[in-house]
Engineer: 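Got a structure for you, written out below as structure tokens; questions coming shortly.
In what follows, every chain begins at residue 1, and chains take the letters A, B, ... in the order their sequences are listed. Here the structure is a predicted model, which is why all the values come from computation and not from measurement.
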Amino acid sequence: MPELPEVETVKRGLNRLAQGIQVRDVQVLWPAIIQAPAGVDDFIQRMPGQVLEYVDRRGKYLLFYWTEDLWISHLRMEGKYLLPNSEEPVDKYSHVILHLSDGRDLRYRDVRKFGRIKLYPKDQADQAIADLNLGPEPGDLQLSDLASAFAKTQRVVKACLLDQSIVAGLGNIYVDEVLFAAKIHPERLAQSLSHVELSRLVQAIQQIISQAVAKGGTTVRTYTNALGENGHYQEDLKVYGKAGQACPRCHTPIEKIKLAQRGTHFCPYCQRREVND
DNA sequence: GATATCGCCTGAAGGC
DNA sequence: TGCCTTCAGGCGATAT
């Protein structure tokens with residue numbers, strides 16, 4: 001499932017493969033992918049003729065800067081962008097198709113139809129991005145950001161790290177990995193973390209996200225980047241998807257519980273319920 | 001206002 | 001083999 005490192009990899013692939021593409025016409029095969037403020041008809045009318053200037057990223061969102069408009073695109077679970085030749089058959093999972101002037105298509109493909117694309121006129125871009133209400137990127141995260149957010153909530157630390165308004169870009173896989181690296185139990189109340197634990201947490205977030213970006217993200221289930229290539233960070237996962245296997249630090253079996261409505265993996269020995277400085 | 005839960009979706013996997 | 005149920009999960013909407 002695309003989290004920050006996977007979305008960053010998609011962004012880089014699109015900038016390499018799709019910068020300068022011009023839209024000829026548009027097909028929307030599953031209207032729910034296109035979300036307000038633009039309706040589907042408006043979307044189909046506005047896109048022809050537009051040229052893709054570049055693609056940026058904020059948290060898990062892709063930002064497509066077209067000549068006139070901005071797309072804010074979220075891949076959710078399994079969304080991906082592909083650039084096949086227009087003659088290639090369209091499979092049943094391709095829901096938004098831009099026919100391009102160079103004979104290719106830009107296709108949004110999403111088995112589960114969870115992803116969303118929003119279109120805004122460029123003069124509304126800054127406000128639209130601000131309205132996403134995202135916290136700092138991991139690379140910009142300060143200990144004080146977490147300390148102040150955690151101090152005013154009764155939630156457990158796992159739920160807080162999944163909250164995109166506290167830190168942008170983490171999803172279920174990386175939150176489990178980060179908490180393992182920082183030796184923090186996912187059910188700890190966020191406000192109970194010590195200064196030392198917060199410091200380890202910030203360090204773990206930054207280190208793991210930057211390593212995962214360097215490896216092109218994590219491929220579990222069906223994620224591939226815009227080139228259809230796999231990421232390689234799954235080889236470095238320590239706890240996610242490892243229930244019952246030995247902890248790489250202490251060999252205690254990794255446990256799996258349900259927390260914040262997510263499958264949650266942790267080592268019950270390394271990640272204690274009490275403060276661990 | 002803060003927090004928890006539901007619904008969206010479909011394919012894979014497991015049980016019978 | 002075939003049918004049914006459960007699971008995976010990000011986020012907006014809705015409920016508490």
Side-chain angles (χ1 to χ4, degrees), chain A residues 1-8 10 28-40 57-63 71-81 91-96 108-120 128-135 137-138 148-179 186-192 209 212 217-224 231 234 237 239-244 254-266:
Chain A
M1 47 227 74
E3 303 180 32
L4 187 156
E6 294 75 43
V7 179
E8 176 65 24
V10 172
V28 176
L29 303 172
W30 189 263
I33 302 285
I34 309 300
Q35 285 217 311
V40 173
R57 179 193 59 74
R58 181 75 175 89
K60 302 178 203 170
Y61 293 89
L62 286 166
L63 309 174
W71 278 12
I72 297 182
S73 166
H74 199 302
L75 304 173
R76 295 282 180 95
M77 309 300 301
E78 301 193 28
K80 57 194 67 176
Y81 285 96
D91 70 24
K92 65 175 180 172
Y93 303 121
S94 292
H95 308 304
V96 178
Y108 177 71
R109 185 178 190 275
D110 188 343
V111 171
R112 285 152 89 173
K113 301 174 177 168
F114 269 20
R116 297 290 180 261
I117 300 169
K118 296 183 183 184
L119 178 146
Y120 296 87
I129 294 165
D131 288 346
L132 296 172
N133 190 28
L134 297 173
E137 295 283 314
S148 62
F150 288 7
K152 55 192 173 200
T153 180
Q154 305 299 313
R155 287 181 295 171
V156 298
V157 63
K158 167 134 187 181
C160 289
L161 293 178
L162 288 169
D163 183 339
Q164 302 299 298
S165 71
I166 294 177
V167 54
L170 299 182
N172 201 41
I173 296 174
Y174 292 113
V175 167
D176 282 4
E177 293 297 313
V178 158
L179 288 170
E187 284 183 296
R188 286 276 303 282
L189 282 180
Q191 60 180 221
S192 76
I209 293 299
T218 300
T219 297
V220 292
R221 301 175 58 86
T222 59
Y223 162 76
T224 55
Q234 67 276 11
L237 295 177
V239 290
Y240 182 85
K242 309 280 188 189
I254 300 299
E255 287 187 9
K256 182 180 181 186
I257 59 173
K258 194 98 167 178
L259 187 58
Q261 293 188 303
R262 306 286 190 277
T264 299
H265 311 75
F266 67 101

Engineer: Rounded to whole Å, how long is the line connecting atom CZ of A/Arg76 with atom P of B/dC9?
Structural biologist: 11 Å

Engineer: To the nearest angstrom, how far is A/Arg58 atom CZ from C/dG10 atom P?
Structural biologist: 18 Å

Engineer: Among residues at least two apart in sequence or on other chains, which ones pass side chain to side chain donor-acceptor pair (under 3.5 Å) with A/Glu8?
Structural biologist: A/Lys11, A/Arg12, A/Arg57

Engineer: Hey, is the side chain of A/Arg262 pairing donor to acceptor with the base of C/dA8 inside 3.5 Å?
Structural biologist: no

Engineer: Is the phosphate of C/dG10 approached by A/Lys60 (side-chain N or O, under 4.0 Å from OP1 or OP2)?
Structural biologist: no

Engineer: Nearest whole Å is fine: how far is C/dG10 P from A/Gln35 CD?
Structural biologist: 17 Å

Engineer: Establish, with yes or no, whether the OP1 or OP2 oxygen of B/dC9 is under 4.0 angstrom from a side-chain nitrogen or oxygen of A/Tyr93.
Structural biologist: no

Engineer: Listed by chain and number, what are the side chain to side chain donor-acceptor pair (under 3.5 Å) partners of A/Arg155, not counting sequence neighbours?
Structural biologist: A/Thr153, A/Asp163

Engineer: Using a 4.0 Å cut-off on heavy atoms, which residues in residues 161-168 of chain A reach DNA chain C? List them by number, or say none.
Structural biologist: A/Gln164

Engineer: Any side-chain N or O of A/Tyr240 less than 4.0 Å from the OP1 or OP2 oxygen of C/dG9?
Structural biologist: yes

Engineer: Hey, what are the protein-to-nucleotides 2-5 of chain B N/O distances that come in under 3.5 Å?
Structural biologist:
from  : atom 1 : to       : atom 2 : distance (Å)
B/dT3 : OP1    : A/Thr153 : OG1    : 2.9
B/dT3 : OP1    : A/Gln154 : N      : 2.7
B/dT3 : OP2    : A/Thr153 : OG1    : 3.3

Engineer: At under 4.0 Å, does any side-chain N or O of A/His74 touch on OP1 or OP2 of C/dC11?
Structural biologist: yes

Engineer: C/dG10 C1' sits how many Å from A/Asp176 CG, rounded?
Structural biologist: 15 Å

Engineer: Anything under 3.5 Å between a donor and an acceptor, one on a side chain of residues 166-176 of chain A, the other on a protein residue two or more places apart or in another chain? List them.
Structural biologist:
from     : atom 1 : to       : atom 2 : distance (Å)
A/Asn172 : OD1    : A/Lys158 : NZ     : 2.5
A/Asn172 : ND2    : A/Gly263 : O      : 2.9
A/Tyr174 : OH     : A/Glu6   : OE2    : 2.7
A/Tyr174 : OH     : A/Thr218 : OG1    : 2.7
A/Asp176 : OD1    : A/Lys158 : NZ     : 2.7
A/Asp176 : OD2    : A/His265 : N      : 2.8
A/Asp176 : OD2    : A/His265 : ND1    : 2.8

Engineer: Under the side chain to side chain contact (heavy atoms under 4.5 Å, CB included) test, which residues partner A/Asp91, sequence neighbours left out?
Structural biologist: A/Tyr93, A/Ser94, A/Arg109

Engineer: Has A/Gln261 got a side-chain atom pairing as donor or acceptor with A/Leu259's backbone, closer than 3.5 angstrom?
Structural biologist: no

Engineer: Could you work out how much the helix from B/dA2-C/dT16 to B/dC16-C/dG2 bends, comparing the axis of its first five pairs with that of its last five, to 10°?
Structural biologist: 60°

Engineer: Looking at A/Lys256, I'd like to know whether one of its side-chain N or O atoms comes within less than 4.0 Å of OP1 or OP2 on C/dA8.
Structural biologist: yes

Engineer: Would you mind reading off the distance between A/His95 atom NE2 and B/dC8 atom C1', rounded to a whole angstrom?
Structural biologist: 13 Å

Engineer: Send over the distance from A/Leu75 CG to B/dC9 C1', rounded to a whole Å.
Structural biologist: 16 Å

Engineer: With sequence neighbours excluded, what pairs up with A/Arg188 under the side chain to side chain donor-acceptor pair (under 3.5 Å) test?
Structural biologist: A/Ser192, A/Glu197

Engineer: Can you name the residues that form a side chain to side chain donor-acceptor pair (under 3.5 Å) with A/Asp110, not counting sequence neighbours?
Structural biologist: A/Tyr108

Engineer: List the residues meeting ring pair (Phe, Tyr, Trp, His ring centres under 6.0 Å) with A/Tyr61, not counting sequence neighbours, and say none if there are none.
Structural biologist: A/His74

Engineer: Check for a donor-acceptor pair, side chain of A/Glu187 on one end and backbone N or O of A/Val156 on the other, with a separation under 3.5 Å.
Structural biologist: no

Engineer: Over how many whole Å does the gap from A/Met77 atom CE to B/dC9 atom C1' extend?
Structural biologist: 10 Å

Engineer: Is A/Ile72 close to A/Tyr120 at the side-chain level, that is, under 4.5 Å between some pair of heavy atoms?
Structural biologist: yes

Engineer: Could you measure the distance from the OG atom of A/Ser73 to the CG atom of A/Leu63? Nearest 0.5 Å is fine.
Structural biologist: 9.0 Å

Engineer: Please give, in whole Å, the distance from C/dG12 C1' to A/Arg116 CZ?
Structural biologist: 9 Å

Engineer: With nearest nucleotides of DNA chain C determined for A/Leu132 and A/Phe114 from heavy-atom distances, which residue corresponds to the more 5′ nucleotide?
Structural biologist: A/Phe114

Engineer: A/Glu255: which residues meet the salt bridge (charged side-chain N to carboxylate O under 4.0 Å, His left out) condition with it, sequence neighbours left out?
Structural biologist: none

